[in-house]
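A short write-up of the structure that comes next.
Owing to the predicted nature of the structure, the values given are computational and were not obtained by experimental measurement. Just so we're on the same page: letters track the sequence lines, and every chain starts at 1.
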Amino acid sequence: MKSFCVTTPIYYVNDAPHVGHAYTTLHADVFARWHRLMGDEVFFLTGTDEHGLKIAEAAEKQGVDPQALTDVTSQRFKDVWAKLLIQYDDFIRTTDERHIKAVKAFTKKIYDSGYIVKDTWEGLYCISCESNYTEAESENGLCPIHKRKLESVKEDNYFFKLSEFEDRLIKYYSENPKWIEPETKYNEAFSFIKSGLKDISITRSSFDWGISVPWDETQVFYVWFEALINYVTALGYESDSSRFSNFWPNTVHLIGKEITRFHCVWWPAMCMAAGIDPPSKILVHGWLLVKGEKMSKSGLNKIDPSELVDEFGLDQFRYLLIKGSPFGPDSEFSYEELKRRNNSDLANNLGNLLSRVVAVVHSKCDGISPKCSSDSELKQDVEDAVEAAVLSWNNFAPADALEAVWNMIKRTNFYLEKYEPWKLEPGDRINAIMGDSLEVLRIVSILISPVMPTAACDMLRRIGLKIDLKNVDFNEEIRWGQYLGGVPVIKDVPLFARIK
RNA sequence: GGCGGCGUAGCUCAGCUGGUAAGAGCGCACGGCUCAUAAUCGUGAGGUCGCGGGUUCGAGUCCCGCCGCCGCUACCA
């Protein structure tokens, strides 16, 4: 059995879940569901990142314990994922005891190998921004935003000797040209590495909401350095070697483009330092833009995924998010576009196809489905579409996979128009046409099930089938000619409602 | 400043190593149909492929310059 592991970033709990988070997590979910459908052993990991200064400050402001605060804010993510039917196998929190233990083991290993050393961090700090700046960013020693003088700050910290991994990273990148996709992000990270790497400060001593350094209790790890380790924590690093070796390094990380460097430069070096292989693949996606602006916590353009689920329906929202924004480039996200796509792709094409097929079976076949024919003229188109969809799924291009499926749907609407079964007298001809149409619907429902799990089941129910999609031999089930008919076809409300 | 990307029909975008008459979806217009969720099917619109040069028998597709937008250029979740 093949294994497949997919991860999302762990989300910083300072931020309320929005469609941007949902975009990443939903992609991970459909990839996981696709691989489960293929019969692979799947591990889908997500979670929350809960340490760091910002959380400590927020907790203090509210007069609560940071752990109590993150218990609440972490739960918000779980709630949204439940609403979106995100089927993760594990939800890790960086405040979990298992993570703290794994971080200590992981970093101790690096420390013992001599790749973590103590040094002094010096930098420029803006009190208004509460953040550090580099010489290059400062404007004559002034903060580029507040135009006030930057303070020079010094702190004794531990440093990760990233510079020592330059050659190994270059070698790794050269030997694995497809390990980061899209290619532009690979190039970006690679050129960053080739331009020379500096050591990075990985601990803080000015606050204590973090994981303490095992060999120096006066310091805690910088959130990023610690957070990345979650990926191996959950897979059983130093705690479950059989699971770990089963899923690592054959793991796919899904990330947004803003965190490319941490994942594509720091993380592989950290793995090398700790003596494990880097992950096999990192997929970088762009942003969802609202009127050209990134949807983010700081902007006012945050969109709550729950509201869209309420508006469009669960499966509709899942489809719209996957189909509307290809994985990779930035893309515009608008309510108008969602509505249009919902009405044309879902209501008019797929939903209406189901309705008209069911209606004709009722009016011409007494509501009992005919068997499909083995030599339908639809057969070749369907087989081509299946092949294209499978290829796209395996290339992590779910929007393209859906496109291929919709070609089958359009083809079938055309097929009905061509033979006008509603005009024919009941008989073999009608039976063949309707049986073939039902067969397409059966195959469609299997192919869309990773994206629209409940709609897929509902379609199967309506065409009189009881297929447990959790337990099918995909290659067997997807072949043309399995719709045997002879079962009642169910009339019901439209599968997908039109909006306004 | 350095490196890289983008600018194709009203909208969102495909167009790999240059070569059948510039494409798709949506929207729009007209026509057909009436089984279906005013759904579906057909036809169409006539876009200087950012601008200006160049290479070539032939260039969205290669080269140069220009304009506009964007990303990366180290510690922001």
Side-chain angles (χ1 to χ4, degrees), chain A residues 9-15 21 48-55 121 123 129-137 157 159-160 162 182-185 187-202 204 222-225 227 255-262 265-266 286-287 292 296-298 323-326 329-334 336-337 340-341 343-364 399-400 403 406-407 410 412-424 430 433-434 437 491 493-499:
Chain A
I10 47 176
Y11 303 109
Y12 204 54
V13 289
N14 204 24
D15 196 5
H21 299 110
T48 46
D49 184 12
E50 311 186 4
H51 290 302
L53 184 58
K54 284 186 183 173
I55 301 301
W121 156 253
C129 299
E130 298 181 19
S131 61
N132 293 306
Y133 286 93
T134 62
E135 292 286 349
E137 286 166 338
N157 293 138
F159 280 69
F160 173 53
L162 186 62
E183 197 185 356
T184 55
K185 294 301 164 194
N187 290 336
E188 223 168 78
F190 199 5
S191 65
F192 178 83
I193 293 165
K194 285 190 283 197
S195 73
L197 296 176
K198 295 182 206 161
D199 297 341
I200 51 176
S201 151
I202 57 164
R204 300 290 124 104
Y222 170 54
V223 279
W224 259 115
F225 195 77
I255 64 168
K257 66 181 185 181
E258 73 282 4
I259 54 178
T260 302
R261 192 195 312 140
F262 303 111
V265 182
W266 291 19
W287 295 334
S296 73
K297 60 191 165 207
S298 48
K323 184 72 203 312
S325 308
D330 290 352
S331 56
E332 274 296 329
F333 184 85
S334 77
E336 286 307 312
E337 181 59 24
R340 264 194 301 197
R341 230 178 239 299
N343 289 348
S344 82
D345 294 4
L346 296 178
N348 297 354
N349 289 351
L350 177 53
N352 184 56
L353 174 63
L354 177 65
S355 293
R356 66 197 305 208
V357 167
V358 168
V360 175
V361 171
H362 272 264
S363 65
K364 299 285 182 177
D400 291 347
E403 183 70 29
W406 256 255
N407 284 337
K410 281 171 187 286
T412 308
N413 270 319
F414 172 78
Y415 175 74
L416 290 174
E417 210 62 40
K418 182 173 170 189
Y419 294 110
E420 303 181 303
W422 47 88
K423 283 185 177 172
L424 302 174
I430 285 193
I433 294 167
M434 301 322 293
S437 302
K491 257 189 177 165
V493 296
L495 189 61
F496 305 113
R498 290 176 59 82
I499 305 287

Smallest heavy-atom separation, A/R341 atom then A/G324 atom, equals NE-CA, 3.7 Å
Roughly how many Å apart are B/G25 and B/C70, using the C1' atom of each and rounding to a whole number?
26 Å
B/C72 phosphate, OP1 or OP2, under 4.0 Å from A/N187 side-chain N/O:
no
Write down the distance separating the C1' atoms in B/G52 and B/U12, rounded off to the nearest Å.
29 Å
When rounded to the nearest Å, what value does the distance between C1' atoms of B/G44 and B/C26 take?
16 Å
Can a donor-acceptor pair under 3.5 Å be found between the side-chain atoms of A/N352 and the base atoms of B/A36?
yes
Could you pull out the closest heavy-atom pair between A/L416 and A/W422, with the gap in Å?
O-CH2, 3.4 Å
Reckon A/A227 touches a base, only the sugar-phosphate, or nothing at all at heavy-atom distances under 4.0 Å?
base
Just checking A/A347: base, sugar-phosphate only, or nothing, at a heavy-atom cut-off of under 4.0 Å?
base
Take atom C1' in B/U43 and the same atom in B/C51, then report the distance between them in whole Å.
36 Å
Nucleotide-level pairing of RNA chain B, given in dot-bracket where Watson-Crick and G-U pairs need both distances under 3.5 Å and | marks other strands
(((((((..((((.....[...)))).((((.........)))).....(((((..]....))))))))))))....
N/O donor-acceptor pair under 3.5 Å between A/K185 side chain and A/K257 backbone:
no
Proximal nucleotide (of B/C26, B/C35, B/C76) relative to the A/Y222 side chain
B/C76
Nearest-Å distance for atom pair OH/C1', residues A/Y419 and B/A36:
20 Å
A/N14 side chain vs A/I55 backbone, donor-acceptor pair below 3.5 Å
no
Whole-Å gap separating P (B/C6) and NZ (A/K257):
14 Å
Using only side-chain N and O atoms of A/K423, determine if any of them is under 4.0 Å from OP1 or OP2 of B/U34.
yes
Please work out if A/K418 contacts a base, only the sugar-phosphate, or nothing of the nucleic acid, heavy-atom cut-off 4.0 Å.
nothing
For B/G42 versus B/C6, give the span between their P atoms, rounded off to a whole number of Å.
34 Å
In whole angstrom, give me the gap between the P atoms of B/U34 and B/C41.
16 Å
Classify the glycosidic conformation of B/G5 as syn or anti, calling it syn when the angle lies within 90° of 0.
anti
For A/W121 and A/F159, take the angle between the two ring planes, folded into 0 to 90°, and tell me which bin it lands in: parallel under 30, tilted 30 to 60, perpendicular over 60.
tilted
Measuring only the C1' atom in each nucleotide, how far is B/U17 from B/U61? A whole number of Å is fine.
10 Å
Which of the following nucleotides, B/U37, B/C35, B/C41, is nearest to the side chain of A/N413?
B/C41
With a 4.0 Å cut-off on heavy atoms, is A/F225 in touch with a base, just the backbone sugar-phosphate, or nothing at all?
nothing
Could you tell me whether A/S355 contacts a base, only the sugar-phosphate backbone, or nothing, with contacts defined as non-hydrogen atoms closer than 4.0 Å?
base
Whether the A/E50 and A/T48 side chains hold a donor-acceptor pair (N or O, under 3.5 Å, no angle test) is what I'd like checked.
yes
Which is true for A/G196 with a 4.0 Å heavy-atom rule: it touches a base, it touches only sugar-phosphate, or it touches nothing?
base
Take A/K198 and A/L162 through the side chain to side chain contact (heavy atoms under 4.5 Å, CB included) test and state the conclusion after the steps.
CA-CA 6 Å; A/K198 295 182 206 161; A/L162 186 62; over 6 Å; no
Can you tell which of B/G71, B/C75, B/C33 lies closest to the side chain of A/W266?
B/C75
Assign each of A/G324 and A/S344 the nucleotide of RNA chain B bearing its closest heavy atom; nearer the 5' end lies the nucleotide of A/G324
Report which part of the nucleic acid A/N343 touches: base, sugar-phosphate, or nothing (heavy-atom distance under 4.0 Å, all strands).
nothing
Hey, does the side chain of A/R340 come within less than 4.0 Å of B/G27's phosphate (OP1/OP2), counting only N and O?
no
Compare the minimum distances between each of B/U37, B/C76, B/U40 and the side chain of A/L495, then state the nucleotide with the smallest one.
B/U37
Has the side chain of A/E417 got a donor or acceptor atom sitting under 3.5 Å from an opposite partner on the base of B/G32?
yes
Out of B/C33, B/A74, B/G42, which nucleotide sits closest to the side chain of A/L197?
B/A74
Counting distance only, does the side-chain N/O of A/N343 pair as donor-acceptor with the main-chain N or O of A/I499 below 3.5 Å?
yes
Value in whole Å for how far the P atom of B/A74 lies from CD1 of A/I259:
18 Å
Between B/A36 atom P and A/R498 atom CZ, what is the distance in whole Å?
16 Å
Considering just the side-chain nitrogens and oxygens of A/K410, establish if one lies under 4.0 Å of OP1 or OP2 belonging to B/C26.
yes
Assign each of A/D199 and A/T184 to its nearest nucleotide of RNA chain B by heavy atoms, then name whichever residue's nucleotide is nearer the 5' end.
A/T184
Taking atom CD of A/E183 as the centre, does the number of heavy atoms from other residues, nucleotides or ligands within less than 6.0 Å exceed 12?
no
Residues A/L346 and A/F496: closest non-hydrogen pair is O-CD1, 3.3 Å
Which nucleotide sits closest to the side chain of A/F414: B/C33, B/C41, B/C75?
B/C41
Distance in angstrom units between A/F192 CZ and B/C72 C1', rounded:
9 Å
Write down the distance between CG (A/L162) and P (B/A74), rounded to a whole number of angstrom.
13 Å
With a 4.0 Å cut-off on heavy atoms, is A/S191 in touch with a base, just the backbone sugar-phosphate, or nothing at all?
nothing
Over how many whole Å does the gap from A/K323 atom NZ to B/A24 atom C1' extend?
10 Å
Looking only at atom P, what distance separates B/C13 and B/U8, rounded to whole Å?
9 Å
Checking all strands, does A/L354 fall into the base, sugar-phosphate, or nothing category for heavy-atom contacts under 4.0 angstrom?
nothing
Quick one: A/W121 CH2 to B/C75 C1', roughly how many Å, whole number?
6 Å
Any donor and acceptor pair, going by atom type alone, linking the side chain of A/N352 with main-chain N or O of A/A347 inside 3.5 Å?
no
With a 4.0 Å cut-off on heavy atoms, is A/I10 in touch with a base, just the backbone sugar-phosphate, or nothing at all?
base
